2 protein chains.
Amino acid sequence: MQKIDDSKLKHVLMAECDYGSLFGSNIAKHAQLMKFSPQEYIVKNQVKPDYLFYLVRGKAKLYDFLANGKDTLVDFFTPPCFVGEMELMDTQSEPFSVQVIDDCYCLALPVAKYKQQLLADPVFLRNVCLYLAHKNARNIKTASQNQGFTLSQRLSAFILLTSHDGRYHEKHTQVAEYLGVSYRHLLYVIADFVKAGYLQKDQRSYRIKDEAGLQNLAWEVNLSNEWHEKASDA
Amino acid sequence: MQKIDDSKLKHVLMAECDYGSLFGSNIAKHAQLMKFSPQEYIVKNQVKPDYLFYLVRGKAKLYDFLANGKDTLVDFFTPPCFVGEMELMDTQSEPFSVQVIDDCYCLALPVAKYKQQLLADPVFLRNVCLYLAHKNARNIKTASQNQGFTLSQRLSAFILLTSHDGRYHEKHTQVAEYLGVSYRHLLYVIADFVKAGYLQKDQRSYRIKDEAGLQNLAWEVNLSNEWHEKASDA
DNA sequence: CACTAAGTATGAGAAATCTCATACTAGGAG
DNA sequence: CTCCTAGTATGAGATTTCTCATACTTAGTG
């Protein structure tokens, strides 16, 4: 972790994510810009963070470590989003680990100094509630999909979701963790996709050869989502 | 659903869960007492609730319905807890289903009338944040345990958790849903437990014969929890 | 350049879990 | 009392997913 004293950059980032509007008061100006490098922890298992972070650039992942040594990648953090808000709200709460994937820039407010103020600010509280509610809904969706669908189904949905220009190139190791299956099994299913002609491997990435085929497999998974999206359009 | 106009009962229940202290204003007095019977929905999939509920008696379950017809029992609601708070915070959000298990008594505030007021009340907002944060943490725990541990492990933890006086009697159908496995598989594992001498079936319920054996199996699962509980004691 | 860590790949065998079929039982509704 | 539903039970066979072992490749580091 590295504090960055570049007030120009700080203001650009703040403007970009409309940081000031998260609060009812002018507290935003006390935020400190920080940079975290890949592999670093923004919040570490069991260690209460000293700051309330707001991720404005980069990508991180939320882990839960189980006692049997296994870990689960629970969720991804993509900007803009809070990090460490659970611990701010509830001193009792047990921090999960948030580990950096790509360089992360965070706006950080020292908890000790501003906690009181934040907890009395309805604008801020409303934003946190909203954020928590969304996060929770997403988690529930993911978890129940992990249980209700087979890996081929979830993987095809995932490939369609994360591919650009007809190419899929995510790290298998990470994807396996996210989809909650063993690396080995993921590789099997990908091999199947290649055999079935859905994907074609070229060097470092995969090219989508039969999007319709994948759509078809992903159909039910996506249906479960659209469903809700439609509902919220109403 | 049935509105209950028994102001004595209402006040007893309010006192019991300290309802008034959830709010910064005196809004509590506008709450209406309602009763829901088993199988009824407090919040139904895709239908925005008209009230903000606070469950004070009974038991309910949170479902997510998937497009392939499968459903996942995501979480149990036990008093005291909010129901419908997601939908209050975010009009966009897609309601999940909350279905009654045992008779539920709820204190209900009409959203249309008091939404503005609630969203400006820091005391209330703080409580919702806290509630959401806890709920989220629990969901994450459950989900990652569902993935990281085998059914025997989770089931033994579950049995130890829900048994009274050395007896276990939950409905297999519900437990299967909650633990995210097929009814069939659950029965297999229970049969194994009986064979292994952990449980003994008598009529309608099971008697725990070898608690140590179960403890042993549940060991890692519980470790993952205690861990966090310890952490939050600190 | 050699060493190391992370990511990629693949095989073999085992386990966890699922689906489908089929029965039996208890309690509520008519 | 009979019908119906929900819950309980058990078998057979198929899928899904896991663990372990083993290798090869690539990028970074001293």
Side-chain angles (χ1 to χ4, degrees), chain A residues 37-40 61 66 68-73 99-102 144-156 158 168-196 199-206 217 220-221, chain B residues 37-40 61 66 68-73 99-103 144-156 168-196 199-206 217 220-221:
Chain A
S37 306
Q39 251 66 275
E40 262 190 290
K61 50 188 177 176
L66 262 25
N68 60 358
K70 289 188 191 173
D71 44 26
T72 312
L73 199 178
Q99 192 177 189
V100 174
I101 299 174
D102 299 329
S144 62
Q145 284 179 359
N146 277 349
Q147 294 213 316
F149 296 107
T150 193
L151 180 62
S152 334
Q153 298 178 292
R154 285 177 286 140
L155 179 60
S156 37
F158 184 81
Y168 168 74
H169 39 163
E170 300 295 320
K171 287 195 179 151
H172 295 154
T173 42
Q174 263 173 41
V175 175
E177 289 182 291
Y178 180 61
L179 296 179
V181 296
S182 66
Y183 175 77
R184 187 66 192 87
H185 188 52
L186 175 65
L187 271 277
Y188 268 132
V189 175
I190 289 182
D192 282 349
F193 280 10
V194 172
K195 221 174 287 169
L199 295 180
Q200 179 188 314
K201 185 170 178 179
D202 66 36
Q203 293 299 91
R204 198 140 269 84
S205 74
Y206 292 81
L217 259 178
E220 284 180 333
V221 181
Chain B
S37 305
Q39 251 66 276
E40 263 190 289
K61 50 188 176 177
L66 263 26
N68 60 356
K70 289 189 190 175
D71 43 26
T72 312
L73 200 177
Q99 191 176 192
V100 173
I101 299 175
D102 300 329
D103 279 357
S144 62
Q145 285 178 1
N146 277 350
Q147 294 213 319
F149 296 107
T150 193
L151 179 61
S152 334
Q153 298 179 291
R154 284 177 287 141
L155 179 60
S156 37
Y168 168 74
H169 40 165
E170 300 294 320
K171 287 195 180 150
H172 295 156
T173 41
Q174 263 172 41
V175 175
E177 289 182 292
Y178 180 60
L179 296 179
V181 296
S182 67
Y183 175 77
R184 186 68 192 86
H185 188 52
L186 175 65
L187 271 277
Y188 268 131
V189 174
I190 289 181
D192 283 348
F193 279 10
V194 173
K195 221 173 285 167
L199 295 180
Q200 179 188 313
K201 182 170 180 180
D202 67 36
Q203 293 300 94
R204 197 137 269 82
S205 74
Y206 292 82
L217 259 177
E220 283 180 333
V221 181

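Reckoned from all heavy atoms, side chains included, excluding hydrogens, waters and symmetry mates. Residue numbers start from 1 in every chain, and the chains themselves are labelled A, B, ... in the order their sequence lines are given, proteins ahead of strands. Keep in mind that this is a model prediction, so the values were computed, not measured.
- Between the NE2 atom of A:His169 and the P atom of C:dG7 there is a distance of 16 Å, rounded to whole Å.
- Taking the salt bridge (Lys or Arg N to Asp or Glu O under 4.0 Å) definition, one finds that B:Asp103 meets it with B:Lys35, sequence neighbours left out.
- Listed candidates were C:dC18, D:dT19, C:dG7. Nearest to the side chain of A:Thr173 is C:dG7.
- When heavy atoms are screened at a 4.0 angstrom cut-off, B:His172 is found touching the sugar-phosphate backbone but no base atom.
- You'll find the side chain of B:Leu151 stays beyond 4.5 Å of the side chain of B:Tyr188, heavy atoms only.
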Are there any protein N/O atoms within less than 3.5 Å of an N/O atom in nucleotides 20-26 of chain D, and if so, which ones and at what distance?
none

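- A side chain to side chain contact (heavy atoms under 4.5 Å, CB included) with B:Leu155 is found for one member of B:Val181, B:Leu186, B:Leu217 and no other, namely B:Leu186.
- You'll find the side chain of B:Tyr178 stays beyond 4.5 Å of the side chain of B:Glu170, heavy atoms only.
- An OP1 or OP2 oxygen of C:dC18 is reached within less than 4.0 angstrom by no side-chain nitrogen or oxygen of A:Thr150.
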Would you check, one step at a time, whether the test side chain to side chain contact (heavy atoms under 4.5 Å, CB included) holds for B:Val175 with B:Tyr168? CA-CA 12 Å; B:Val175 175; B:Tyr168 168 74; 3.5 Å; yes

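- In this structure, A:Gln174 places its CD atom 7 Å from P of C:dG7, rounding to the nearest Å.
- Across C:dA16, C:dT10, D:dT10, the shortest atom-to-atom separation from the side chain of A:Leu187 is found for C:dT10.
- Contact detail for B:Gln174 and B:Leu73: the closest heavy-atom pair is O-CD1, 3.8 Å.
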